[in-house]
Amino acid sequence: MNSYKNKSSQSRVMFLLSSNNFRQAYKRLQYMNQYSKYQKQQGENIKEKALKLQNLNLELGKQKAAKDKLIAENREVQKALEEDMKQHESIMASIKKDLNKYAAQIKEKQQEAREVDREIDRIIKEAIANSNKKAGTKTTTTKASSTFALTPEAKLLAADFLSNKGKLVWPVEKGLVKVKYGVQRHPTDASLTINSSGVRIATEQNAIVRSVFKGEVLKIIIQKRGNPTVLIKHGNYISAYHNLKKISVKTGDKIVTKQEIGEVFTNSEGETLLWFSLYKNDASVDPAEWIYKM
């Protein structure tokens, strides 16, 4: 490097000395100064550009590192999404399986409800026919065949029951109406419809069932499928208590208001439901209109 610098200096001196005159030497000196300045400027430009390139390389390196990190994170996210999708598919399959199970259980309960309704309807019609037979009432008309022939005592009881409309006690001390009276969507499967002849009350395990009004036990229904039902007659009104596990009364017993008549059944899922219905003669009525603030 030093040898190159010395050679360059000597060349510049020789270049000046070889001038023909002073003016030419001066111009050559100016030229060499300008060229030296130009070289210096070029060197600065090259240095500046080299620095910019270096900074650009550093920035590109950072961007590449950031991009590589983002790609790695995206891969992790994608992997997590794939795991979530698998879990979602598994959950959906489980839900579908459970829905099929619940749908079968719902249909079974609906079938049980229809069987209970048919049996209650048969018993009430039979009781109406017997009451008319005892009273010697002709049952040639539709009205006579669907209406109880009441004794004076039964008429007083029916009038007393009617005067307590909207004030009758609940058939259980604690409860919440889960299924209302009439046609409605099923509470757990909106694709199914329920036509309920009464209400279904969710209550606590081992809940005591009590009579909503004084009367007489008309019938205790024991079916092959489903749980027992107790029917209590209040003049020409009848209250029905279904899905019992234990019964504390028998047919013909005189009952007072709030008297214990049994306990509510609890299924394998821990659900304790009392099916409660009210009838005027052989037609069901909405219990919410009779029970206090139901």
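Values below: every heavy atom of this structure, side chains too, minus hydrogens, waters and symmetry copies.
- Ion pairing between Lys52 and Glu48 holds under the 4.0 Å rule for side-chain N and carboxylate O.
- Nearest heavy-atom pair across Lys214 and Thr257 is N-OG1, 3.2 Å.
- Contacts of Glu59 classified as side chain to side chain contact (heavy atoms under 4.5 Å, CB included), with partners at least two apart in sequence or in another chain: Lys62, Gln63.
- A salt bridge does not link Glu83 with Lys79: none of the charged nitrogens is closer than 4.0 Å to a carboxylate oxygen.
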Yes or no on side-chain contact (heavy atoms from CB on, under 4.5 Å) for Ile208 and Glu263, after CA distance, side-chain angles and deciding distance? CA-CA 5 Å; Ile208 300 298; Glu263 291 182 14; 3.7 Å; yes
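- Tracing side-chain contacts under 4.5 Å through hydrophobic residues (I, L, V, M, F, W, Y), one reaches Val212 starting from Ile247; they form part of the same cluster.
- Applying the side-chain hydrogen bond (donor to acceptor under 3.5 Å, both in side chains) rule to Asn57 yields no partners; only residues at least two apart in sequence or on another chain are considered.
- Scored by the side-chain hydrogen bond (donor to acceptor under 3.5 Å, both in side chains) test, Lys258 finds no partners at all (sequence neighbours excluded).
- Proximity of Leu278 to Phe161: side-chain heavy atoms (C-beta onward) are separated by under 4.5 Å at one or more points.
- Checked against a 6.0 Å centroid threshold, the rings of Tyr279 and Tyr237 do not count as neighbours.
- Checked options Ile120, Ile128, Asn236; the residue passing with Asp282 is Ile128 (criterion: side chain to side chain contact (heavy atoms under 4.5 Å, CB included)).
- Smallest separation of non-hydrogen atoms from Met294 and Val199: SD-CG2, 4.0 Å.
- Heavy-atom neighbours of Glu153 CD from other residues, nucleotides or ligands within 6.0 Å: at or below the threshold of 12.
- Within 6.0 Å of NZ in Lys233 there are more than 12 heavy atoms belonging to other residues, nucleotides or ligands.
- One finds a salt bridge joining Glu119 and Arg122 here, because a Lys/Arg side-chain nitrogen approaches an Asp/Glu carboxylate oxygen to under 4.0 Å.
- Annotation: side-chain hydrogen bond (donor to acceptor under 3.5 Å, both in side chains) contacts of Thr272 (sequence neighbours excluded): Thr266.
- Distance alone, capped at 3.5 Å, places no donor-acceptor pair between the Asp121 side chain and the Asp117 backbone.
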Applying side-chain hydrogen bond (donor to acceptor under 3.5 Å, both in side chains), run through Glu126 and Asn130 and close with a yes or a no. CA-CA 6 Å; Glu126 184 180 275; Asn130 289 335; 4.7 Å; no
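- Under the 4.5 Å side-chain criterion, counting only non-hydrogen atoms from C-beta, Val177 is not in contact with Phe276.
- With rounding to the nearest 0.5 Å, the separation of CD1 in Ile255 from CG in Leu218 is 12.0 Å.
- Residue pairs meeting the side-chain hydrogen bond (donor to acceptor under 3.5 Å, both in side chains) criterion with at least one partner in residues 284-294, sequence neighbours excluded, are Tyr181-Ser284.
- Atoms OG and CD1, on Ser248 and Ile261 in that order, are 8.5 Å from each other to the nearest 0.5 Å.
- In this structure the side chain of Val230 never reaches within 4.5 angstrom of the side chain of Asp253, judged on heavy atoms.
- Residues Lys178 and Leu273 approach most closely at CD-CD2, 4.1 Å, considering heavy atoms.
- A donor-acceptor pair under 3.5 Å links the side-chain atoms of Asn281 to the main chain of Phe148, judged by distance alone.
- Looking at heavy atoms from C-beta onward, Leu231 lies in side-chain contact with Ile221 at the 4.5 angstrom threshold.
- For Gln111, the CD atom sits in a packed shell: over 12 heavy atoms of surrounding residues, nucleotides or ligands are nearer than 6.0 Å.
- Across Pro171 and Ile201, no two heavy atoms sit closer than the pair CG-CD1, 3.7 Å.
- A distance of 11.5 Å separates CG of Leu162 from CG of Leu157, quoted to the nearest 0.5 Å.
- By the 6.0 Å contact criterion, NZ on Lys155 is open, its count of non-hydrogen atoms from other residues, nucleotides or ligands being 12 or less.
- How far CG of Leu51 is from NZ of Lys49: 13.5 Å, rounded to the nearest 0.5 Å.
- Under a hydrophobic-cluster definition in which Ile, Leu, Val, Met, Phe, Trp and Tyr are linked whenever side-chain heavy atoms come within less than 4.5 Å, directly or via other members, Leu176 and Val172 are assigned to different clusters.
- Scanning all heavy atoms of the two residues, the minimum distance from Ala158 to Gly235 falls at CB-CA, 4.0 Å.
- Distance alone, capped at 3.5 Å, places no donor-acceptor pair between the Thr251 side chain and the Lys219 backbone.
- Note: the hydrophobic cluster containing Leu168 does not contain Ile238 (ILVMFWY, side chain heavy atoms under 4.5 Å, direct or indirect links).
- Connection of Val217 to Ile124 is not established within any shared hydrophobic cluster, with ILVMFWY side chains joined at heavy-atom distances below 4.5 Å, either directly or through further cluster members.
- If you chain together hydrophobic residues whose side chains sit under 4.5 Å apart, Val209 and Val256 never meet in one group.
- Pairing each heavy atom of Ser211 with each of His234, the nearest pair is OG-CE1, 4.1 Å.
- Rounded to the nearest 0.5 angstrom, Leu274 CG and Arg210 CZ are separated by 11.5 Å.
- Between Lys254 and Glu216 there is a side-chain heavy-atom pair separated by less than 4.5 Å.
- More than 12 heavy atoms of other shown residues, nucleotides or ligands fall within 6.0 angstrom of atom CZ in Arg118.
- In this structure, the separation between CG on Asn227 and CD on Glu112 is 6.5 Å, given to the nearest 0.5 Å.
- Residues Phe213 and Asp160 have side chains in contact (heavy-atom distance under 4.5 Å, counting atoms from C-beta outward).
- Counting heavy atoms from C-beta outward, Tyr241 and Ile232 have side chains that approach closer than 4.5 Å.
- In this structure, the side chain to side chain contact (heavy atoms under 4.5 Å, CB included) partners of Asn267, at least two apart in sequence or on a different chain, are Phe265, Glu269, Glu271.
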